[in-house]
Amino acid sequence: MKFNFVCKDKNQVKFIFKGQIENKFFKANKGEILAWEDEICLGLGDEDKFSKEVFKEAVCSLGKFLNEKEVSEISINENSTKLTDKDFTLALVEAFVVSSYDFNYYKSDKKENIFNLVNLDEKFAEYKIDIDELEKILCGQFLTRDLVNLRSNDIYPETLANKAVENLQDLGVELKIYGVKEILSMGLTAFYEVAKGSDKEPKFIVMEYFKGESGKAPLALVGKGLTYDAGGYSIKTSAGMKTMNSDMGGSGTVIGAMKAIALNKLKVNVVGIVAACENLISGRAYKPGDIIKARNGMSIDVDNTDAEGRITLADAVNYAATEYKPALLVDLATLTGAALVALGETYTAAVTNNKESFKKVLNASKKSDEKIWLLPNDPFYKTYNESENADVKNSGGRLAGSITAGQFIENFVEDYSWVHLDIAGTAYLSAPQGINGKGATGVHVKTLYELAKEF
Ligand code: BES
Ligand code: MN
Ligand code: ZN
């Protein structure tokens, strides 16, 4: 998608609040469109309910409309909203770009997205650099969305690793892809326990982007990388399984964020880590009741093989902590159904061992309009993870499920500042929301980018 700044009169877009014009056919509801000769009216809804988010939603519906009508040029000459010119311009670009996202990889009859030109008045050209930056961020976000939308017959540990290499290698990211032998020699034994039931070889993916001050402690990003989660012997229902190609959402976000950071050539030290595997049933699979060993020496009582993500993350965050001594460690995971129960598909659930660090993540999420809600890390909940026979149990039961899952991971971060983001609800939508359609959202690529930028 390209943007130029030549002001033309063709297909001028006017932004209209409810009550601003009298028309039987146009009430100016949010996202409502009235196209008339060379003018397009776009409804913004009630003026007193207006926000950047509302604006993006309206523009997104205009983007879809233009695509449908195969209109490839519009012009925007004035900002009649209450947004600053900069917010207006960037929200406009973001919503148009995102409206063009269409996951049609598996369709024989692919419709090309022809909408590729927005004519903004010269006065918006001032934000050319910001638009450029945003386009690169969204390029990372689109990569995430594609990776998460692709099915597990196409995206499995090896192909996920290949995608990371293809997308990042030429951008100055150093990649190391480790197979089973190295996974075991690096002591990632708990990760291996989850992985060993699958015929697909697990991959441990390390992505280093060290373009900041030499020797400065990095930002570590760790993503859950279950390319499929059938639940193992604590098997899921077929309905529960159906969308579990998205269980690598955390790793998709990390890979997409690395791309956004590298494309924009941020001068920061960031390391991305993904433990990629499948959670399946076989004669070699781990079983409920097994007691396994983690990289940090702790024993884990496998209460439920479907609480596999935290086991893989235990070793992944421990590796990130001990090998990189990060200034901040953020893990992202489609970790618990409980996050969906608590916050739906709207807010990501967070757990942290350091409120100051969480504030940094929260501030970044506010810049990117990606919602995060902090859950209480109360020590009492930790008793739910206690096991009779091992150091810890991998399931805390039904109560406070997203908190106990986070607290399980906390055992392995060696007291480094850590923020856990449970994106089980927000990474993959069952119904359209805001500017996103069904399926993968690429949530938190923008947040991680903003976090890295401030780092
Ligand atoms: N990948 C799932 C969590 C999930 C559920 C993500 C729905 C997206 C949508 C995770 O591995 C899982 O199965 N968690 C269990 C944990 C339980 C057994 C303690 C859950 O949430 O039911
Ligand atoms: Mn599971
Ligand atoms: Zn899972």
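Residues: numbered from 1 along the sequence shown. Start at 1 and go down the list; that is how both ligands and their atoms are numbered. Only a predicted model underlies this, so the values are computations on that prediction, with no experimental measurement involved.
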Has ligand 1 got any nitrogen or oxygen that is less than 3.5 angstrom from a nitrogen or oxygen of [X]?
X	answer
S395	no
D229	yes
T336	no
M244	no
K224	yes

Review point. Which residue owns the protein heavy atom closest to atom 1 (N) of ligand 1, what's the atom, and how far is it?
Key: D247 OD1, 2.8 Å
Point to revise | Identity and distance of the protein heavy atom lying nearest atom 21 (O) of ligand 1 | key: G337 N, 2.7 Å
For ligand 1, which atoms sit closer than 4.0 Å to a heavy atom of [X]?
X	answer
A424	6 (C), 8 (C)
R310	16 (C), 19 (C)
T334	1 (N), 2 (C), 3 (C), 6 (C)
E308	11 (O)
L340	7 (C), 9 (C)
K236	2 (C), 12 (C), 13 (O)
N304	18 (C)

Tell me yes or no: between the side chains of [X] and [Y], is some donor less than 3.5 Å from an acceptor?
X	Y	answer
E414	N296	no
T253	T144	no
N385	Q407	no
T227	S152	no
E345	S430	yes

Exercise for review: State plainly whether the residues K393 and E388 are in salt-bridge range, i.e. N to O under 4.0 Å.
Suggested key: no
Practice item. Inspect the contact between K446 and E94 and indicate whether a charged nitrogen and a carboxylate oxygen are less than 4.0 angstrom apart. Key: yes
Point to revise | Within 45° cone of F103 ring axis and under 6.0 Å: R145 NZ or CZ | key: no
Practice item. Kindly confirm or rule out a cation-pi arrangement of K86 over Y127, judged by NZ or CZ under 6.0 Å from the six-membered ring centre and within 45° of its axis? Key: no
Exercise for review: Report yes or no: does E345 have a heavy atom closer than 4.0 Å to ligand 1?
Suggested key: no
Point to revise | Considering only N, O or S atoms of E308, the one closest to the Zn ion (ligand 3) | key: OE2
Exercise for review: Looking only at N, O or S atoms, find the one in D229 nearest to the Zn ion (ligand 3) and name it.
Suggested key: OD2
Practice item. Please work out the angle at the Mn ion (ligand 2) defined by atom OD1 of D306 on one side and atom OD2 of D229 on the other, rounded to 10°. Key: 100°
Study note, to complete from the structure: In this structure, the Zn ion (ligand 3) sits at the vertex of an angle between OD2 of D247 and NZ of K224 that rounds to 10° as 90°
**Study point:** Test log, rule salt bridge (charged side-chain N to carboxylate O under 4.0 Å, His left out), inputs K359 and E356
**Key:** CA-CA 5 Å; K359 251 185 226 158; E356 284 309 307; 3.4 Å; yes
Practice item. Just let me know how L335 lines up against ligand 1, side chain, backbone, both or neither, with a heavy-atom cut-off below 4.0 Å. Key: backbone
Review point. What do we get for M248 next to ligand 1 when only non-hydrogen atoms under 4.0 Å count, side chain, backbone, both or neither?
Key: neither
Practice item. Would you please classify the geometry between the H420 ring and the W418 ring as parallel, tilted or perpendicular, with 30° and 60° separating the classes? Key: parallel
Review point. Do the non-hydrogen side-chain atoms of P376 and Y381 ever get within less than 4.5 Å of each other?
Key: yes
Exercise for review: Identify which of D306, T243, I311 has a heavy atom lying nearest to atom 12 (C) of ligand 1.
Suggested key: D306
Point to revise | Test log, rule salt bridge (charged side-chain N to carboxylate O under 4.0 Å, His left out), inputs K453 and E133 | key: CA-CA 11 Å; K453 198 176 168 183; E133 180 185 23; 2.8 Å; yes
**Study point:** the Mn ion (ligand 2) to nearest N/O/S of E308 less than 2.8 Å
**Key:** yes
Point to revise | Pair F50-F15, ring pair (Phe, Tyr, Trp, His ring centres under 6.0 Å): steps then yes or no | key: CA-CA 12 Å; F50 183 74; F15 301 99; 9.1 Å; no
